[in-house]
Every structure is written in C-alpha cells, then in structure tokens.
Amino acid sequence: QVHVVESGGGLVQPGGSLRLSCVASGFTSNYNTIGWFRQAPGKEREGVSCMTSGGSTDYADSVKGRFTIPRDNAKNTMYLQMSNLQPEDTAVYYCAVRTSWAIQPVCRLVSYKYNDWGQGTQVTVSA
C-alpha cells in the first residue's frame, strides 16, 4: 500500500497563493498517477489536477490558469501550486495515487480510479 501525506494547507486571503505538498512512499510500480482532489462542505469530492508518471497532466476547468502541479522526483513529492485563490477554492484537499502496471497516456480526475489517499489538508480562502 502506498502511503500518502499532504501538507501545506492554511488560511489565505482572496487573490493569494498557497503550495500544497504530497509525499508518497511505498510504490509498487513505476507507473503511478498522482491526483489532487478537494471536497468543500456539503459538496461532493471533485478532481482538481493530476499527472501521470510520463508527465501528462489534466486540470479541472475551474482551476486552469491558476493551479499547477510541479513535482520533485528526487523527493517523491508532488506539489499543488495554487494562485489567485478565491473563496470557492475553500475545501479539504486530498492527494491520491493510482497504481498502474503499464504506462498511462493520460490521467483522469475521477476519484474511483485512485487506490491510495492521504488524510487531507484544509485550505481556507477568506478575508
């Protein structure tokens, strides 16, 4: 089982920036997709962004142009770099890993495809 830990959440003012980190360990495959999801109070979990082991990415329309997902392979760390944050970005953010046994050409922002999840980190955007 892959162990996933997110960090970096907090309170930020509208228009501000925040960077979340996701550290994963215990990989059993080289073909892993990392996804970021979020869940706001009273709402369903939604996909935010993802990246395959080959570097293919996808972003939710609501975050395109504002969020990016750089990664540091040497540290087994994926980041969610968020800018121009708005109150509607307030949510618990989760990092998740999809373990595959073949290279994935694309990633998808559907939660059931991901096997291992972190505990989540709260992001609150408020003045």
Next on the checklist: Run the side-chain contact (heavy atoms from CB on, under 4.5 Å) test on Arg38 and Thr90 for me, step by step, so that the C-alpha distance in whole Å, both residues' side-chain angles and the decisive distance to 0.1 Å come before the verdict.
Outcome noted: CA-CA 9 Å; Arg38 67 185 181 185; Thr90 295; over 6 Å; no
Item to check | Verdict with supporting geometry, Arg98 and Asp116, salt bridge (Lys or Arg N to Asp or Glu O under 4.0 Å) | outcome: CA-CA 7 Å; Arg98 178 189 179 189; Asp116 298 287; over 6 Å; no
Next on the checklist: Under the criterion side-chain contact (heavy atoms from CB on, under 4.5 Å), I'd like the reasoning laid out for Leu18 against Leu85: C-alpha separation, chi angles, the key distance, then a yes or no.
Outcome noted: CA-CA 8 Å; Leu18 202 62; Leu85 284 161; 3.8 Å; yes
Item to check | side-chain contact (heavy atoms from CB on, under 4.5 Å) evaluation trace for Ser62 with Gln86 | outcome: CA-CA 11 Å; Ser62 59; Gln86 300 301 316; over 6 Å; no
Next on the checklist: Using the rule given for side-chain contact (heavy atoms from CB on, under 4.5 Å), can you reason through Ile69 versus Thr57, listing the C-alpha separation, both sets of side-chain angles and the distance that settles it, and then say yes or no?
Outcome noted: CA-CA 8 Å; Ile69 45 171; Thr57 59; 3.9 Å; yes
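Stacking of Arg71 on the aromatic ring of Tyr79 is not recorded, the 6.0 Å distance cut-off and the 45° axial limit not both being met.
Of all the heavy atoms in Gly47 and Ala60, the pair that sits closest is O-CB, 3.4 Å. A pairwise comparison of heavy atoms in Ala102 and Tyr31 identifies O-CB, 3.3 Å as the closest pair. For Gln119 against Val5, the heavy-atom pair with the smallest separation is OE1-CA, 3.9 Å. The two residues Val2 and Ala24 have their closest heavy-atom pair at CG1-CB, 4.1 Å. Among all heavy-atom pairs drawn from Ala127 and Pro14, the shortest one is N-CD, 3.6 Å. Residues Thr99 and Trp101 approach most closely at CG2-CZ2, 4.0 Å, considering heavy atoms.
One finds the CG atom of Leu11 at 6.0 Å from the OG1 atom of Thr124 (value rounded to the nearest 0.5 Å). Here OG of Ser56 is found 8.5 Å from CE of Met51. Values are rounded to the nearest 0.5 Å. The line from CD of Glu46 to CG of Leu109 is 9.5 Å long, rounded to the nearest 0.5 Å. In this structure, CZ on Arg66 lies 13.0 Å from NZ on Lys64, to the nearest 0.5 angstrom. For the atom pair Ser53 OG and Gln104 CD, the distance stands at 7.5 Å (nearest 0.5 Å). Between the OG atom in Ser7 and the OH atom in Tyr93 there is a gap of 15.0 Å [rounded to 0.5 Å].
Paired with Ile34 under the rule side-chain contact (heavy atoms from CB on, under 4.5 Å), one option of Cys107, Ser49, Cys95, Cys50 passes, and it is Cys95.
Atom CZ of Arg108 sits in a sparse spot, with 12 or fewer heavy atoms from other residues, nucleotides or ligands closer than 6.0 Å. Residue Glu88 places its CD atom among more than 12 non-hydrogen atoms of other residues, nucleotides or ligands, all under 6.0 Å distant.
Here the two rings, on Phe37 and Trp117, have centers that are under 6.0 Å apart.
Between Leu20 and Val123 there is a side-chain heavy-atom pair separated by less than 4.5 Å. Between Phe67 and Leu80, the closest side-chain pair of non-hydrogen atoms falls below 4.5 Å.
Criterion: ILVMFWY side-chain heavy atoms under 4.5 Å apart, direct or through other members. Under it, Trp36 and Tyr114 are not part of a common hydrophobic cluster.
Not one N or O on the side chain of Tyr94 forms a donor-acceptor pair closer than 3.5 Å with the backbone of Gly35. A donor-acceptor pair is defined here as one N or O able to donate and one able to accept, closer than 3.5 Å; no such pair exists between the side chain of Glu6 and the backbone of Ser21. For Thr68 (side chain) and Pro70 (main-chain N/O), no donor-acceptor pair under 3.5 Å exists by modelled atom type. Listed for the Ser29 side chain is a donor-acceptor partner under 3.5 Å among the backbone atoms of Ser100.
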